[in-house]
Colleague: 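Take this structure, written in structure tokens, and hold onto it; I'll ask about it next.
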Amino acid sequence: MSSRTAHLDIRGMSCANCSRTVGEALEALDGVTSASVNFATDEGSVEYDPEEVSLGEIYDAIEDAGYEALSETRTIGITGMSCANCADANQKSLESVPGVVDAEVNFATDEAHVTYNPADASLDDMYRAVEDAGYTPVREDDGDDEGDAEDARDAARNEEIRRQKRLTLFGAALSLPLLAMLAVELFGGGLPETIPGTGVPVGWVGFAFATPVQVYLGREFYENSYTALVRNRTANMDVLIAMGSSTAYLYSVAVLVGLLAGSLYFDTAALILVFITLGNYLEARSKGQASEALRTLLELEADTATLVDDDGTEREVPLDEVEVGDRMKVRPGEKIPTDGVVVDGDSAVDESMVTGESVPVSKADGDEVVGSTVNQNGVLVVESTKVGSETAIQQIVSLVKEAQGRQPEIQNLADRISAYFVPAVIANALLWGVVWFLFPEALAGFIRSLPLWGLVAGGPVAAGGAVSTFEFAVVVFASAVLIACPCALGLATPAATMVGTAIGAQNGVLFKGGDVLERVKDVETVVFDKTGTLTKGEMTLTDVVAVGPAADGSGVVTADDETLDEDAVLRYAASAERNSEHPLARAIVAGAADRGLDLAEPDDFENVPGHGIRATVDGKPVLVGNRKLLSDAGVDPAPAEDALRDLEGEGKTAMLVAVDGDLAGVVADADEIKESAAEAVAALRDRGATVHMITGDNERTARAVAEQVGIDPDNVSAGVLPEDKADAVESLQADGTRVMMVGDGVNDAPALAAAYVGTALGSGTDVAIEAANVTLMRDDPLDVVKAIRISAGTLAKIKQNLFWALGYNTAMIPLASLGLLQPVFAAGAMALSSVSVLTNSLLFRSYTPDHDYRFLDFLRR
């Protein structure tokens, strides 16, 4: 049994019981021999059998126990990959490194995303793993500057484009004389045996031009084939190319030196490599274009910032010198350097690059601003709150990269096909080569009887008896191995995913992975939290009603020896709530301030989640909350029922106030419904989705809001406590229904995590965003519809790509096997298939999610 030991840095433990919990969770895994966890040092060591349990499963067990094992994630550029099989070889090599938790290699971006345990593995280990697989890693410093790493990968990608261009031009220049000789042979009555006036045999001229192409262009295909077959024990696209081109070249050499009788195919051998290299060049360019959206986002960052010192002195510094707390002056037309808060001035700010919203947003003192957005008119002084990798623009780029690294489940189909594809193609080519050698006349007669014969009369079969049986078998073999293109299958999914996630980022919709992007379209039920999601979450005090057992006609109540009118009720409620951060509480306090009331400092403040608060004001116990809060305290809420019913029927949130054990009154807040809420609900229902609303608010208020936005009253869950929201989502999913939960608060996080797809509004809390699968940068519920449209459009594009890739092979492999395609045309078609898949994906860039995706959307631009 093989054995490894993982040394883990574990976060979140607070006592010896925590370390015991982690240890027991680890020892419960099959394959774990022993686990030792030390609370004092926050460290653990695990001995395990990597053939039975992976390091990723060990990390998952720690997370399931409620703790976190430290890991790092890095992106490594890889050059030299030619198909999905190459990506798979790199992934297996990286996953075999001790300390690697997870590795995903993306052929479309030529990158590997590796999560590893820094205690047991280093970046150099990753580089060696890539080299051991036979490929070249893009090396970078071990520092944390992802910007420098990105520059290194861009430089490597651009160098690869230039290299492929040089190879293509070199091969094309040497192939032109071969093409001229072919034209003379076909249309000029045939080639002479020697070049007139020189006596040089024509065959040796062809050899002279084809050999440098074979050596210079073919070298990397031969080297990669050796790596695939010998090191990785697999077969990739390079194997097919090497077999096809070398077969034509070596057969021609054998004929030239008199070992065999037959025709020369030096032109075919050279043009095969030229066409494939041209395809690689176009493919490399297309890959660069597909990742252009991310580079465009990064280029939007400001280069410098104007800092304002305490004495008012202004100085310009590079962006990377700005620190949290620095004050920056931003003039009209300038980019805001970092995320921050406006401390002076007012202006309109163009935030379209972050949210996709084209209308500038007004900003004044106290408003938050996002780095890289553009100040439109007034001068702003902004205090920096986030810098470097913590800024919104860097977080967006990070999320999009993560999404591009995590492939949809549909990619597994392409990977499974690619794994067996190349060996199957080689076996098919050998089979038909042998069959043509053994039964040439029978097969030729059958082919000439086909209705398609007239369309493919230029194929090898047309030569009839002009070629030998062995020669024809060689031609069929070369055509059959060259026509197949597994790289088109490998590009189908990641290329479309890359473009889809970029479209999302440009429209303020961030998917946490390609797997998330895939499943959003399958959502059947959408559950909205009410406050801050369908409503603006900006509560304002609207009503104060004095009620109670001693109310007289003037609308006052008596509690002990104090007379409580509306102002007195509001003063007690606002004083009790002044230390609360809840939006309802802040609205009450702000309303009291607007009325000029002098508030007291509360004692014994206690928050009762889902019900209200308790506090002591001026020595008297005060309750502010719902019916249950008062009932549990022995206060009868019945005298306020009429007022509650009227206020809640208007969609307001009404709260009872009790002072010193007696009912005193009712205060009500209102939250304005977002302008697009009703449109979003209607659009979702038009798509066939069922829409629900869940809230901790009371039944009447919830139903009033639901009616205004178009949600069926039967789909409203009111009075749901924060800890019960996840249970409510899970109950909807109990029958297999795929539910999207949309929320923005801390109390929504468990429900977001429990849902099939969790969607957080970007205006919400960090906890909610972390728990969600999709983040909407704007607080617009209509962006939920955009997310679903982008998901559906991307999956449609993936299926188109897979259809073309599989359809191409389904049609072309039989033609080549039956001798109906020349090898040079097969090579050209092979190169074209990869380029067509990338081109089809790039056409998707013109799509905007204001409507459902249509295949010809790019024509409407």
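Computation of the quantities below employed the complete heavy-atom set of this structure, encompassing side-chain atoms and omitting hydrogens, waters and symmetry-equivalent molecules. Since the model is a prediction, treat every value here as computed from it, not as a measurement.
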Colleague: Can you check side-chain hydrogen bond (donor to acceptor under 3.5 Å, both in side chains) on Asp671 and Thr531, steps first, answer last?
Modeller: CA-CA 8 Å; Asp671 184 6; Thr531 305; 4.6 Å; no
Colleague: Determine yes or no for a side-chain-to-main-chain donor-acceptor pair under 3.5 angstrom, with Asp125 supplying the side chain and Ala121 the backbone.
Modeller: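 Absent.
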Colleague: I'd like to know if the side chain of Ser93 and the backbone of Ala89 have a donor-acceptor N/O pair within less than 3.5 Å.
Modeller: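 No; zero donor-acceptor contacts below 3.5 Å.
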Colleague: Regarding Thr373 and Asp350, is there a side-chain donor-to-acceptor distance under 3.5 Å anywhere?
Modeller: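 No, no side-chain donor-acceptor pair sits under 3.5 Å.
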Colleague: Any side-chain heavy-atom pair from Thr759 and Leu776 closer than 4.5 angstrom?
Modeller: yes
Colleague: For Gly743 and Asp529, work out which heavy atoms get closest and say how close.
Modeller: CA-CB, 4.1 Å
Colleague: Give a yes or no answer on whether the side chain of Asn90 reaches the backbone of Cys86 with a donor-acceptor pair at less than 3.5 Å.
Modeller: yes
Colleague: Ignoring hydrogens, what is the shortest heavy-atom contact between Ser122 and Tyr116? Give both atom names and the distance.
Modeller: CA-CE1, 4.4 Å
Colleague: Within the distance-only criterion (no hydrogens, no angle test), does the side chain of Asp339 pair as donor or acceptor with the backbone N or O of Gly371 below 3.5 angstrom?
Modeller: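 Such a contact is found between Asp339 side chain and Gly371 backbone.
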Colleague: Dump the intermediate steps for side-chain hydrogen bond (donor to acceptor under 3.5 Å, both in side chains) on Thr338 and Ser384, then the final yes or no.
Modeller: CA-CA 6 Å; Thr338 71; Ser384 175; 3.0 Å; yes
Colleague: So Pro332 and Val379, do their side chains get closer than 4.5 Å, heavy atoms only?
Modeller: yes
Colleague: Would you find more than 12 non-hydrogen atoms of other residues, nucleotides or ligands less than 6.0 Å from Asp310 atom CG?
Modeller: no
Colleague: Judged by atom type as modelled, is there a donor-acceptor pair below 3.5 Å linking the side chain of Lys797 to the main-chain atoms of Gly500?
Modeller: no
Colleague: What's the separation between atom CG in Leu94 and atom NE2 in His113, rounded to the nearest 0.5 Å?
Modeller: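 Interatomic distance, Leu94 CG to His113 NE2, rounded to 0.5 Å: 12.0 Å.
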Colleague: Are Arg11 and Glu43 close enough for a salt bridge, meaning some N to O gap below 4.0 Å?
Modeller: no
Colleague: Working to the nearest 0.5 angstrom, can you tell me the gap between Asn117 CG and Glu72 CD?
Modeller: 9.0 Å
Colleague: Looking at Glu368, I want to see if its CD is surrounded by more than 12 non-hydrogen atoms of other residues, nucleotides or ligands under 6.0 Å.
Modeller: no
Colleague: Parallel, tilted or perpendicular, judged at 30° and 60°: which one describes the rings of Phe844 and Tyr847?
Modeller: parallel
Colleague: Are any side-chain N or O atoms of Asn377 and backbone N or O atoms of Ser347, one a donor and one an acceptor, separated by less than 3.5 Å?
Modeller: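 Flag not set: sc Asn377 to bb Ser347 has no pair under 3.5 Å.
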Colleague: Taking all atoms of both residues into account, what is the closest heavy-atom pair of Arg789 and Pro849, and its distance?
Modeller: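 In this case the closest contact between Arg789 and Pro849 is NH1-O, 3.1 Å.
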Colleague: Can Lys536 and Glu675 be counted as an ion pair, charged N to O under 4.0 angstrom?
Modeller: yes
Colleague: Could you tell me whether a side-chain N or O of Ser791 sits under 3.5 Å from a main-chain N or O of Ala787, the two making a donor and an acceptor?
Modeller: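 Here the side-chain-to-backbone pair does not exist.
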Colleague: Not counting sequence neighbours, which residues clear salt bridge (Lys or Arg N to Asp or Glu O under 4.0 Å) with Asp344? List them please.
Modeller: none
Colleague: How about Val105 and Met81: do any of their side-chain heavy atoms sit closer than 4.5 Å?
Modeller: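 The answer is yes; the side chains approach within 4.5 Å.
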Colleague: What closest approach, in Å, do Pro494 and Asn106 show between heavy atoms, and which atom pair accounts for it?
Modeller: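 That would be CB-OD1, 3.2 Å.
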Colleague: Would you indicate whether the side-chain heavy atoms of Leu123 and Arg74 approach each other to under 4.5 Å?
Modeller: yes
Colleague: What distance do Thr306 atom OG1 and Glu334 atom CD have between them, rounded to the nearest 0.5 Å?
Modeller: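 So the gap between those two atoms works out to 5.5 Å.
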Colleague: Could you check whether any side-chain heavy atom of Arg845 comes within less than 4.5 Å of a side-chain heavy atom of Leu842, counting everything from C-beta outward?
Modeller: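 Side chain of Arg845 against side chain of Leu842, heavy atoms only: contact under 4.5 Å found.
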Colleague: Run the salt bridge (Lys or Arg N to Asp or Glu O under 4.0 Å) test on Lys674 and Glu679 for me, step by step, so that the C-alpha distance in whole Å, both residues' side-chain angles and the decisive distance to 0.1 Å come before the verdict.
Modeller: CA-CA 10 Å; Lys674 292 178 179 176; Glu679 184 181 355; over 6 Å; no
Colleague: What closest approach, in Å, do Leu517 and Leu795 show between heavy atoms, and which atom pair accounts for it?
Modeller: O-CD2, 4.1 Å
Colleague: Are Thr109 and Met498 packed together at the side-chain level, in the sense that at least one heavy-atom pair is separated by less than 4.5 angstrom?
Modeller: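 They are in contact (side-chain heavy atoms under 4.5 Å apart), so the answer is yes.
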Colleague: What residues, two or more places apart in sequence or in another chain, satisfy salt bridge (Lys or Arg N to Asp or Glu O under 4.0 Å) together with Glu159?
Modeller: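 For Glu159 the salt bridge (Lys or Arg N to Asp or Glu O under 4.0 Å) partners, ignoring immediate neighbours, are Arg162, Arg166.
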Colleague: Please confirm whether the backbone N or O of Glu323 pairs with a side-chain atom of Asp326, one donor and one acceptor, at under 3.5 Å?
Modeller: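 Pair found, side chain donor or acceptor close to backbone of Glu323.
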Colleague: Just so I know, are the side chains of Asp367 and Val341 near enough to count as touching, which here means a heavy-atom distance under 4.5 Å?
Modeller: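 When only atoms from C-beta onward are counted, Val341 and Asp367 do not touch, as no gap falls below 4.5 Å.
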Colleague: Using a 3.5 Å distance criterion without hydrogens, assess whether the side chain of Thr391 forms a donor-acceptor pair with backbone atoms of Val387.
Modeller: no
Colleague: Could you walk me through whether Glu314 and Arg331 pass the salt bridge (Lys or Arg N to Asp or Glu O under 4.0 Å) check?
Modeller: CA-CA 12 Å; Glu314 298 180 10; Arg331 299 175 178 85; 2.7 Å; yes
Colleague: Salt bridge check, Glu131 against Arg128: does any charged N sit closer than 4.0 Å to a carboxylate O?
Modeller: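 Not counted as a salt bridge, because no side-chain N and carboxylate O are separated by less than 4.0 Å.
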Colleague: Is a donor on one side and an acceptor on the other found under 3.5 Å between the side chain of Asp311 and the backbone of Thr313?
Modeller: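 Yes, the answer is positive, given that a donor and an acceptor are paired below the 3.5 Å cut-off.
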Colleague: Kindly compute the distance separating CG (Asp850) from CG (Asn507), expressed to the nearest 0.5 Å.
Modeller: 7.0 Å
Colleague: Go through the steps to decide whether Thr73 and Thr115 satisfy the test side-chain hydrogen bond (donor to acceptor under 3.5 Å, both in side chains), and finish with yes or no.
Modeller: CA-CA 4 Å; Thr73 300; Thr115 301; 3.0 Å; yes
Colleague: Is the shortest heavy-atom distance from the side chain of Val370 to the side chain of Ile336 under 4.5 Å?
Modeller: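 A side-chain contact is absent here, since even the closest heavy-atom pair is not under 4.5 Å.
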